[in-house]
Amino acid sequence: MGDLMVQRGQNSQSIPLTRDLVLVGGGHTHALLLLRWGADPLPGTRVTVINPTCTAPYTGMLPGYVAGHYQRHELDIDIARLAVRTGVRFIQGSVQQINPDSRRIWISGRPPIDFDVLSLNIGIHSDMPDIPGASDCAHPAKPLDDFASQWDRFIDDVGRGRDASVAVVGGGVGGVELAMAMHHRLQSTAPGPVTVRIFEQGSHLLSEIGPGSRKVLLRRIKKVGITWQCGISVASIDHHSVTTADSESCDSEFVALAAGSRPHAWVQESGLAGSDGFVPTDTYLRVIGRENIFAVGDCARFVPRPLPRAGVYAVRQAPVLYRNLRAALEGSSLRRFRPQTHFLKLVSTGSRNAVGCKYGLTIAGGAVWRLKDRIDRHFMRQFARMPAMAHAIPDAAAMGVQDIMRDAPTVCRGCGGKVGRMTLDSSLGVATPSRLDDAASITINGRNLLITTDHISAITEDPWHFARIAAAHATGDIWAMGATPHSALVTVVLPRMSESLQERTLSDIMNGVRSCLEPEQVTIIGGHTAQGSEMVIGLTVLGDASSGTLTKSGARPGDILILTKSIGTGVLLAGAMTGETRGADLMTALEMMQTTSARAAQVLARHARAMTDVTGFGLAGHLHEILQASGVAAHLNLDDIPLLPGALRLAVKGIRSSLWPANARILTIDGSASGPRSELLFDPQTSGGLLAALPADSIETFLADAQQQSIQCWQIGAIETGPPRLTVH
């Protein structure tokens, strides 16, 4: 579970935050809503979107994907990235319960989320737990993610000789469309015969459409050799067959469930659903009996008029939902949703052909498929071309303003927003950072202690996760010196907000700090709060150094360099600000940043001669501190340095953190390596890993210890004789 950084839009201004709007689910309506919200947000509103995954699949392209016409990534709406670009907090997590009275949402693995206004767009599923074996041996078409993964695995197996026999439980439009897509894909993959069967409990297939379209589709499935049975129920499913109620057993290596729309159980348990499990809504898309809760898409039942579960309504609901959520937040009048009576239904038939029907008329052929393909791709393009945030450079300003804003229009957050080392060197004089250790040593009543302080600006809009990152980051300096943190003071700067949001936010922050520090027996002994233009969290940490300390000055020629975390957080956070970072990649980085260096430090302290943590000055800058303090040189093997997913892709595109230029001026790298990968050595890290120099003869023992403790680490280079310089191969 995780969440994503945002570059604050209206939240960075002086307008206080007063209301929490929470969107549960990343369905089509919410995705379109986010686009509208990004273009015209309501000042004073903190928006959160919660979804189990960082992407939401566009189900309209599922048959085309199953048939082999689309790549998997073409179906994904990157909800996490969309949230970042539109100034919205994204939380990846599964909702377990909603209490509409206390206005609280419980999510697996983290403290609850409070809301003032809530919207549900969570879709449905097609699991059939009442059929013995279905949960273990069959594959519901919804949710799409799991189905797509299982289908890909099956196609690979068929290509290696597995029987190409498929059963589809459900003979509605969705089931028939899926069966035709499967048949088309298997015909081009299987070396042997292909068998596709449809099982429908009703009296006939395709009951939702008119007789003309039904006739055309039945003729198509009969022509390609798909068979079907109607008026029969499935009694059981195993890994190799389907057994019907009359005890007939049919071979099937892959069973797809497409027999209906089933609501999520937790919605009914929260008291929001009707007897059928779906959420009843009025003409304003508002949950019946709830002034501040809305529901759209397949999870909702529109009480004024029964609606088929079709994507066209999700698209039409988006502008009305956007207007009504704003109205609920600002206390103005709501707008009615007036659904259309007729809409064009397009059904693909496996190959690049489709059937279209509207007003009782039916058309079919390649041109219809091309129309469907054009509509689907247009829908997805909306989410791929999100504009970069505008940064207006003033025409008239003091000398140097335009140059700074042109070179670095925004200041990155976390360690990417800190002052460069050369600036610190010149301002601090003799006591330069290159000569200082990671924490200051003090003695109290004969007890050796270390003290350090670190403050970072928000790299995520979720206070709980941001607090965990800030705590892991601040304790890194103590762990890097081989000591043990034992107490901390917490400093919090909040943007302007109402007292209720202050209470919610501070509770999240302190819960986050505790969740990071308490497992390591670090006690919170006090702190301080203030209000400012943006959220900042800092910790002053005291550590026990009674067992001795590690410094940067102990490295010797021949020592092996060890790194304990991948690099690339700076470029990923910078890319998020321009909309270039994929949601999944940023999620991975944020998860890594919440991991403390405690376990790695405890193992390294038994072997290392010199150690530091990799933070704002980048890997090259912090290694250079070791080289200067120890009076040695070093070489790095570029291919051995671990990179976070997506970091190299962004570096190749020329994306850099705002601190990168200052870091790159720290030293000149010798050697044959150049280009984006080597430039990532200057990428500023937030809550980065430990960098240690270990004697070569202790490496095997250390690696055995690290493996036993399940600690990740990489050998990235070695210390050499010579004046302080860095060579990269």
Side-chain angles (χ1 to χ4, degrees), residues 59-60 62-63 66 123-128 130-131 134 138-142 147 166-183 196-235 237 242 244-246 248 250 255-263 275-278 297-302 305-314 339-350 353-364 368 372:
T59 54
L62 173 62
V66 171
I124 53 177
H125 67 88
S126 53
D127 196 6
M128 304 178 71
D130 296 338
I131 299 178
H139 311 289
K142 294 181 180 181
F147 180 83
V166 169
V168 178
V169 181
V173 171
V176 170
E177 190 175 27
L178 195 59
M180 289 188 288
M182 290 174 156
H183 188 277
V196 178
R197 296 183 181 88
I198 302 173
F199 296 92
E200 168 57 38
Q201 192 171 9
S203 59
H204 57 271
L205 299 184
L206 302 164
S207 58
E208 315 102 296
I209 61 174
S213 300
R214 184 185 307 123
K215 184 177 179 180
V216 172
L217 288 168
L218 289 176
R219 187 163 55 237
R220 173 64 180 170
I221 64 175
K222 185 176 181 180
K223 179 180 179 180
V224 300
I226 296 173
T227 61
W228 66 90
Q229 291 179 254
C230 293
I232 190 85
S233 60
V234 173
I237 300 170
V242 172
T244 62
D246 59 4
E248 179 185 358
C250 303
V255 180
L257 303 179
S261 306
R262 300 176 184 272
S275 58
D276 59 356
F278 294 94
D298 289 347
C299 72
R301 174 168 51 84
F302 189 64
R305 194 188 96 195
L307 297 177
R309 305 194 185 282
V312 65
Y313 294 114
Q340 63 194 94
T341 303
H342 301 283
F343 62 91
L344 177 62
K345 182 171 288 187
L346 299 170
V347 183
S348 59
T349 58
N353 286 273
V355 175
C357 52
K358 187 176 182 180
Y359 301 122
L361 302 176
T362 301
I363 55 175
V368 182
K372 181 181 186 325

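Please read these numbers as outputs of a predicted model, since none were measured by experiment.
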Mind listing the closest non-hydrogen atom pair of [X] and [Y] along with its distance?
X	Y	value
Gly356	Val368	N-CG1, 3.7 Å
Val176	Gly171	CG2-O, 3.7 Å
Ala258	Val168	CB-CG1, 4.4 Å
Lys372	Gly60	NZ-O, 2.8 Å

Review point. Can you tell me if NZ on Lys222 sees more than 12 non-hydrogen neighbours from other groups inside 6.0 Å?
Key: no

**Study point:** Results of side-chain hydrogen bond (donor to acceptor under 3.5 Å, both in side chains) for Asp246 - residues two or more places apart only
**Key:** Thr244

**Study point:** side-chain hydrogen bond (donor to acceptor under 3.5 Å, both in side chains) partners of Glu200, counting only residues at least two apart
**Key:**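 Here no residue qualifies.
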
Point to revise | Residue that, paired with Ile198, satisfies side-chain contact (heavy atoms from CB on, under 4.5 Å) out of Thr227, Ile226, Val166 | key: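 With Ile198 as partner, Thr227, Ile226, Val166 yield a single side-chain contact (heavy atoms from CB on, under 4.5 Å), made by Ile226.
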
Taking the side chain as everything from C-beta on, heavy atoms only, tell me whether [X] gets closer than 4.5 Å to [Y].
X	Y	value
Val255	Val169	yes
Pro339	Arg305	yes
His139	Leu257	no
Met180	Arg220	yes

Hey, does the side chain of [X] reach the backbone of [Y] with a donor-acceptor pair shorter than 3.5 angstrom?
X	Y	answer
Lys142	Phe147	no
His183	Val224	yes
Arg301	Gly277	no

Check your understanding: Please walk me through it: do Ile124 and Phe278 pass side-chain contact (heavy atoms from CB on, under 4.5 Å)?
Key -> CA-CA 9 Å; Ile124 53 177; Phe278 294 94; 3.7 Å; yes

**Study point:** Parallel, tilted or perpendicular, as decided by the 30° and 60° cut-offs, for the rings of His342 and Tyr359
**Key:** tilted

Point to revise | Cys230 and Phe199: CA distance, side-chain angles, deciding distance, side-chain contact (heavy atoms from CB on, under 4.5 Å) verdict | key: CA-CA 6 Å; Cys230 293; Phe199 296 92; over 6 Å; no

Listing, residues 205-218 side-chain donor-acceptor contacts under 3.5 Å, not counting sequence neighbours, or none:
unit_1	atom_1	unit_2	atom_2	d
Glu208	OE1	Val173	N	3.3
Glu208	OE2	Val173	N	3.1
Ser213	OG	Thr362	OG1	2.7
Arg214	NE	Leu206	O	3.1
Arg214	NH2	Ile209	O	2.9

Practice item. With rounding to the nearest 0.5 Å, note down the distance linking CD1 in Ile363 to CG in Leu346. Key: 7.5 Å

**Study point:** Phe343 ring center near Tyr313 ring center (under 6.0 Å)
**Key:** yes

Check your understanding: If you measure only the distance, is there a donor-acceptor pair under 3.5 Å linking the side chains of Glu177 and Ser348?
Key ->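 There is such a pair (donor and acceptor under 3.5 Å, judged by atom type) between the side chains of Glu177 and Ser348.
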
